[in-house]
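A short worksheet on the structure shown next.
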Amino acid sequence: MKLDFSVPSIHLESLGTELSIEATSPAFAGRKFEGTVTSIGTRIDPVTRTIVVRAILPNPVRLLKPGLLMRVELIKNPRTVLVIPEEALIPVGRDNHVLVVDRSAASTVAQRRQVTIGSRRPGEVEILEGLEAGEFIVTHGTLRTRPGQPVTIIAVDEGGESLAHLLTQGQGGPGQ
């Protein structure tokens with residue numbers, strides 16, 4: 001299936017053929033269609049300041065139909081990074097810290113560790129140095145927790161549940 005879409009001209013430098021895209025449609029909730037940019041228009045629209053880009057989406061079972069409204073996400077610089085919730089970050093002057101839960105000791109304690117941050121998105125911050133994937137960090141209650149203080153893990157946030165649900169789940173809340 002050919003998919004034509006407009007891209008703001010400020011992104012012209014990063015456009016190129018063979019660039020990957022992900023497209024979604026309200027008609028197919030939760031489903032992503034992956035494709036590749038095959039051509040880039042030769043003119044920028046003087047009114048909208050956009051350029052037309054064409055991608056090819058595999059459509060073996062013919063789910064996609066011409067005229068279907070789709071939301072397109074260009075994958076310009078794919079990379080794998082360590083990201084933590086922004087509320088877990090503790091700024092101290094020019095330095096940034098997190099409270100890492102040390103589960104190797106006889107009692108579970110919080111340890112303050114300096115980290116180097118990278119890019120930010122709303123609610124998330126990239127960690128470049130100072131933290132390894134799989135380590136437990138304190139995300140809520142950082143103002144009340146002190147380094148060396150024993151902590152109790154009530155729930156583990158996997159990113160898909162609200163704080164209220166995690167807290168009631170961890171305390172044997174309603175329905176448990």
Side-chain angles (χ1 to χ4, degrees), residues 1-89 96 98 115-140 142 153-170 173-176:
M1 169 70 70
K2 295 176 187 171
L3 175 63
D4 292 340
F5 56 97
S6 298
V7 175
S9 60
I10 60 169
H11 299 294
L12 186 59
E13 184 178 345
S14 62
L15 287 175
T17 56
E18 303 301 318
L19 194 64
S20 297
I21 68 157
E22 286 182 352
T24 57
S25 174
F28 303 105
R31 184 150 184 196
K32 288 185 179 180
F33 299 93
E34 297 178 358
T36 307
V37 171
T38 56
S39 66
I40 300 166
T42 58
R43 293 185 180 186
I44 296 175
D45 185 301
V47 176
T48 63
R49 308 305 299 164
T50 60
I51 189 163
V52 175
V53 175
R54 175 171 282 175
I56 300 293
L57 298 174
N59 191 21
V61 292
R62 307 255 187 249
L63 284 175
L64 303 175
K65 306 291 182 207
L68 185 65
L69 181 65
M70 299 195 85
R71 182 178 185 275
V72 177
E73 193 172 317
L74 286 167
I75 304 173
K76 299 187 311 186
N77 185 14
R79 58 192 179 129
T80 303
V81 296
L82 183 61
V83 177
I84 64 170
E86 199 169 30
E87 60 265 17
L89 201 61
N96 290 290
V98 294
V115 294
T116 304
I117 63 171
S119 301
R120 287 183 180 243
R121 292 192 307 195
E124 298 178 329
V125 63
E126 174 186 9
I127 302 297
L128 300 174
E129 292 178 2
L131 196 60
E132 297 294 323
E135 288 186 291
F136 282 56
I137 60 170
V138 176
T139 58
H140 300 285
T142 55
I153 299 173
I154 296 174
V156 177
D157 183 4
E158 298 291 338
E161 298 171 323
S162 69
L163 175 61
H165 178 74
L166 287 170
L167 292 176
T168 57
Q169 176 188 13
Q176 298 220 347

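Keep in mind that what you see is a predicted model, and the values were worked out from it rather than measured.
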Please examine the side chains of Ile21 and Phe5, heavy atoms only from C-beta on, and report whether any two atoms are closer than 4.5 Å.
yes

For Met1, is there any backbone N or O sitting under 3.5 Å from a side-chain donor or acceptor partner on Asn59?
no

Hey, are the side chains of Val7 and Val72 touching, using non-hydrogen atoms and a 4.5 Å cut-off?
no

What is the distance from atom OG1 of Thr116 to atom CG of Asn96, rounded to the nearest 0.5 Å?
8.5 Å

Nearest heavy-atom contact between Met70 and Leu57 is SD-CD1, 4.2 Å

Would Leu68 and Phe28 count as a side chain to side chain contact (heavy atoms under 4.5 Å, CB included) if you check the C-alpha gap in whole Å, the side-chain angles of each, and the deciding distance to 0.1 Å?
CA-CA 10 Å; Leu68 185 65; Phe28 303 105; 3.8 Å; yes

Can you check side chain to side chain contact (heavy atoms under 4.5 Å, CB included) on Val83 and Val125, steps first, answer last?
CA-CA 6 Å; Val83 177; Val125 63; over 6 Å; no

Heavy-atom closest contact (Glu34 atom, Pro58 atom, distance)
O-CD, 3.1 Å

Sequence neighbours excluded, the answer for side chain to side chain contact (heavy atoms under 4.5 Å, CB included) partners of Ser39 is Arg54

Please report the closest heavy-atom contact between Glu87 and Thr139, naming both atoms and the distance.
CG-O, 3.2 Å

What one should report as the nearest heavy-atom pair of Thr17 and Ile40 is N-CD1, 4.2 Å

CD1 of Ile10 to OG1 of Thr50, rounded to nearest 0.5 Å, is 11.5 Å

How far apart are the C-alpha atoms of Arg120 and Leu89, what are their side-chain angles, what is the distance that settles it, and do they pass the side chain to side chain contact (heavy atoms under 4.5 Å, CB included) test?
CA-CA 12 Å; Arg120 287 183 180 243; Leu89 201 61; 3.3 Å; yes

Judged by atom type as modelled, is there a donor-acceptor pair below 3.5 Å linking the side chain of Glu135 to the main-chain atoms of Glu132?
yes

Side-chain touch Val98/Ile84, heavy atoms, less than 4.5 angstrom:
yes

For a quick test of reading the model, state the closest non-hydrogen atom pair linking Arg43 to Ile51 and the distance between them.
O-CG1, 3.7 Å

Residues Leu82 and Leu131: closest non-hydrogen pair is CD2-O, 3.4 Å

Between OG1 of Thr142 and CD1 of Ile137, what distance do you get to the nearest 0.5 Å?
10.0 Å

Counting only N and O atoms by type, is there a donor-acceptor contact under 3.5 Å from the side chain of Ser119 to the main-chain atoms of Glu126?
no

